[in-house]
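Comments concern the structure below.
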Amino acid sequence: MASTATLAMQVRGPEVLAVVVAITCVSTVFIVLRLISRIGIVRRVSNDDYAIIVAWLIAFGFSFSICYGTSVGLGRHEANVKPEYHMTLKKTEYAFSVLYNPALMATMTSICLFYLTLANNHPVVRGTTISTIAVVNGAGLALTLLNIFQCRPVGAAFDDPIKPSAKCIDIVTLYLASAPDNIITDLAILFRPLPILTSMRLPRNEKLILIITFSFGGFVAVVDVVRIAYLESAALARLQGTGGSAASSAEYDYSWIASLSFMWSAVEVHVGMICACVPGVKPLAAKVFPSLLGRIKHAGELTGNPFYGPGDAQWANLAPKTQSMSAASAPPPPRTPANTVHAASGPDDEMGMMDFLTTPDTTAAMLQHTRTARTSGPTRTHTPSPTIFDFVNVKKAKSMVKMTNRESIAPLALVTILFFLWGFAYGLLSILNQQFQIVVGVNNAQAIGLHSAYYGAYFFAPLTFGRPIFKKWGFKAMFITGLCVYGVGTLVFWPAAVLASFPAFLISNFIVGFGVATLETAGNPFISLCGPPEYAEVRLNISQGVQAIGSIVSPILAQKVLFKGVRDAPSLVDIQWTYLGIALFDVILALIFFYLPIPEASDDDLDEMAERNFSVNRRKVLGIPVIYMTLLSGIFSQFCYVGGQEAVSGVYQQYVATVQPNSDIGPFYYQAVGHTVFAIGRFLTAFLGLLIKPRRILLVLFIGAIITSALAMNLDGYKGVAMIVLILFFESGIFSLTFAMSLHGLGTHTKTGAVLLTAATSGGAVIPGITSPVTNSHSVRYSFSVVVAVFAFGAIMPIYLAISPAAKKQVDPVHTRPISVSTSLSSGEEKSTNPANQYRRRRGFGAALKREKEKPVNPYRAYQSRRPFGAALRREKKMSSANRGSSLPTVEHFEGQRAQARPPHPE
């Protein structure tokens, strides 16, 4: 323990005062420059300007409270604060805590209001910006009210000491618990304008300047992380000094441990205001320092203004990146006097992007020239490749259902990263739930609740916002949404750890499950559809095998490295940085997915793929179309399988400890062995899918799972351990096979089918809740009777596929050998003129024609069945016209061959 003299020499007040005064002065300068730019040059003041003025007034108030607080003891140890200053110091601390959140709210609202002016042509960006405003102000208002009423009664916040009858919230703990809200909004505001900025048609240098200008918001996120580090230090000091309870003492050296946290909170708000003012200062900087932004000095030919060049005319161009080639040679429109645009704009006109990114000297002629360049030109247009920051070329991806195995490797590898991610998340949560139970003292029912919250999200996520996003915007939007929600869930763990709160931890589990379910809603059908359909089950098992590797790695990493020392509340707080890293990784990955050309599958593509097997898919089983019957059986089997899998996983270690209590290897390592066998089983299932029909593999896996579960009820020792490991082996391929086969032939309903199959995963929230009371009332081995029952019910799908001829033909892969161009060119004429081949073709066609005559003809279906051939013929004609004059045979040559081989069409 430090001596009294040493404590008296420890003073942080001067450093806190210097930093707060300096950052306040800098932000004030930027506010003044912004107002000069808006009033003096742009000549319009908008709502975001009023919001930033309100933010500055509030920020000045709480900065003043910090500065005044340093004169009455802030930054000193409580023991060294003069008694007459205690009341005044508490008032300054109360003023700061109340004013901090409103200042942050006003700053972020100003930035979001500015973004709204950029998003007139981007409804998605506009909607998400409005949502951000709602979240910022809703959370900020709640935190402000908590700070105002931090003590009951309110006046107890100024008492020294606090009366025993009063109850007060620990403000440092509250700030640390609310830190995820700040990080989420910082990242949302940082990345919100990127879709607009990168889609603008700008010269390279100007685009770089614009991107860098808006990237200043990253400094706010960095400062926020530094502030959180000091808040964590203060919270840990409080916890260690009060025996692990964050709220047991509101008097523990508060003036010392909170001083740096207050300082960095002030830095965060003022840096946010500076970043909000940077885009608004651009017109002033361009006016005073025209060469600073690389302007072209001699631009009189276009505008008559020596300070601005042709690049200025494109600052407001938010149209897609298409431009007519003939517009470049079109004569420029007549010049108009400067300030025409802004002089014509009344004070009530809607503010556009021009007001911030240009000046009144940007004339209407320039805008007209830009519009002419976009819209004029008679016929021929040239569409340049989209660019990211003018460096990376992005091409439109090919439809996934038309990709070959080779073409699908890159997108499959990228999406498989997401499979590893949710496997990693599952393993982390499993270990963290166990550690949380130790620290907080969670009972068995609450532990089941945590597990059910994660899998319960699988029911709500696909059926609520998952399906609308999936149907309207496709796979990429689902991946980005899922990653963002997943990142939010990992950050919500933060207040759960700080407050050691079971409800907060329950919410964190639910949000993480919500994000992972959103990813899985799109991820599984993406793997199934991306490439030749006959290999859908093989592809999905490989990706699910990578997911299983994630579930192997993360528990070992968590148990031995990340959560090794988690035994009490302070250590639980300390692991929040792990989840911050995961959240940042999610955001970066979402940004990568936004810019990469992820292949999609439209409803027309899916419908065309289903029509290839139309005669099979239109059959019925018990009066229900076979495709829907297969889907319904798959949903039920998936529900039962996931429930049984999670029931086994929940009692795995307890079962091993029961049947082999004196083993040299602990139950945790036996479970790691089981997860490894599970991963191997998925890869083995993928390999067998190349040799054996998937429906037969599925039947064998269900039978094996039922038998091993039944044996696990009766065997002891290593035999029992072997049985539970074998259960995981037989479970391995069931999910992938069920999912992929259930989607066969659904056509335009494929995405809806994927949504329902993902929702069926919520069986993991139901069945463990049944096995838990059975385990408590009887024994862990007896609980496997529930597992046997659910696996037996789940076997309905493979049994149905085995006995239904229509279902067999629907799900069995049809391996078609592609015909190479060289082979068709060299031997096509020979085959067409070979009498034996012609006879065989006519005989096969005649038999098929005879069968078709016996069936009623549906004109609409006949048209639909001819549509793919007509589309292929049109494409072939287009290719032949493009290659005219080459040595390759023309489309007329192929049509002649078809005419020779085709029998007369019957009347």
Side-chain angles (χ1 to χ4, degrees), residues 524 528 533-542 544-545 548 613 616-617 619 621-622 624 626-645 647-648 677-712 723-745 753 757 760-761 763 767 784 786-815:
N524 288 313
S528 300
E534 59 267 25
Y535 299 109
E537 292 82 6
V538 175
R539 291 192 299 268
L540 189 55
N541 267 297
I542 292 174
Q544 288 284 351
N613 204 21
V616 173
N617 295 336
R619 296 184 181 183
V621 176
L622 301 178
I624 301 175
V626 64
I627 56 175
Y628 299 136
M629 181 64 77
T630 302
L631 177 62
L632 290 175
S633 65
I635 292 171
F636 181 75
S637 292
Q638 201 78 291
F639 181 89
C640 295
Y641 157 71
V642 177
Q645 173 192 324
V648 173
V677 171
F678 184 82
I680 294 172
R682 281 186 165 170
F683 288 114
L684 181 61
T685 303
F687 173 74
L688 292 176
L690 299 172
L691 308 175
I692 306 173
K693 293 180 178 179
R695 59 181 173 82
R696 293 176 179 172
I697 301 175
L698 182 63
L699 180 61
V700 171
L701 292 178
F702 263 112
I703 293 174
I706 294 170
I707 294 174
T708 51
S709 298
L711 292 174
M723 287 303 103
I724 197 170
V725 171
L726 285 176
I727 292 175
L728 266 67
F729 174 79
F730 286 110
E731 288 176 351
S732 58
I734 294 177
F735 181 94
S736 305
L737 295 175
T738 303
F739 198 102
M741 286 192 290
S742 299
L743 295 182
H744 281 224
L757 286 166
T761 310
I767 306 303
F784 276 79
V786 178
V787 177
V788 172
V790 295
F791 281 157
F793 281 117
I796 288 177
M797 181 181 184
I799 294 174
Y800 153 75
L801 296 178
I803 63 177
S804 171
K808 290 179 185 179
K809 291 188 176 181
Q810 179 208 352
V811 301
D812 283 348
V814 179
H815 295 275

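All values below come from the heavy atoms of this structure, side chains included, with hydrogens, waters and symmetry mates left out. We're numbering straight along the sequence, starting at 1.
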Item to complete: Using the test side-chain hydrogen bond (donor to acceptor under 3.5 Å, both in side chains), find all partners of Tyr535 that sit at least two apart in sequence or belong to another chain.
Response: none
Polar side-chain atom of [X] near backbone of [Y] as donor-acceptor pair, under 3.5 Å:
| X | Y | result |
| --- | --- | --- |
| Lys808 | Ala802 | yes |
| Thr708 | Ala705 | yes |
| Arg539 | Ser528 | yes |
| Arg619 | Val626 | no |

Fill in: More than 12 heavy atoms from other groups under 6.0 Å of CG on Leu622
no
Side chains of [X] and [Y], heavy atoms from C-beta outward: is any pair under 4.5 Å?
| X | Y | result |
| --- | --- | --- |
| Val811 | Pro694 | no |
| Met797 | Thr630 | yes |
| Leu631 | Leu757 | yes |
| His744 | Glu537 | yes |
| Ile734 | Leu701 | yes |
| Tyr641 | Phe791 | yes |
| Phe702 | Ile799 | no |
| Ile767 | Gln645 | no |

From [X] [atom1] over to [Y] [atom2], what is the distance, rounded to the nearest 0.5 angstrom?
| X | Y | atom1 | atom2 | value |
| --- | --- | --- | --- | --- |
| Ile692 | Phe687 | CD1 | CZ | 9.5 Å |
| Leu801 | Thr738 | CG | OG1 | 9.0 Å |
| Gln810 | Ile627 | CD | CD1 | 7.0 Å |
| Met629 | Ser804 | CE | OG | 8.5 Å |
| Ser736 | Asn524 | OG | CG | 7.0 Å |
| Leu632 | Ile796 | CG | CD1 | 12.0 Å |

Could you report the tightest heavy-atom contact between [X] and [Y], atom names first, then the distance?
| X | Y | result |
| --- | --- | --- |
| Ser633 | Tyr800 | OG-CD2, 3.7 Å |
| Cys640 | Phe793 | SG-CB, 3.9 Å |
| Ala710 | Val788 | N-CG2, 3.6 Å |
| Ser732 | Arg682 | O-NE, 2.7 Å |
| Phe730 | Val700 | CD2-O, 4.3 Å |
| Gly745 | Asn617 | CA-ND2, 3.6 Å |

Item to complete: Please report the C-alpha distance between Asp812 and Arg695 in whole Å, then the side-chain angles of each, then the deciding distance to 0.1 Å, and finally whether the side chain to side chain contact (heavy atoms under 4.5 Å, CB included) criterion is met.
Response: CA-CA 7 Å; Asp812 283 348; Arg695 59 181 173 82; 2.8 Å; yes
Discussion item. Run the side chain to side chain contact (heavy atoms under 4.5 Å, CB included) test on Phe683 and Ile542 for me, step by step, so that the C-alpha distance in whole Å, both residues' side-chain angles and the decisive distance to 0.1 Å come before the verdict.
Written reply: CA-CA 6 Å; Phe683 288 114; Ile542 292 174; 4.3 Å; yes
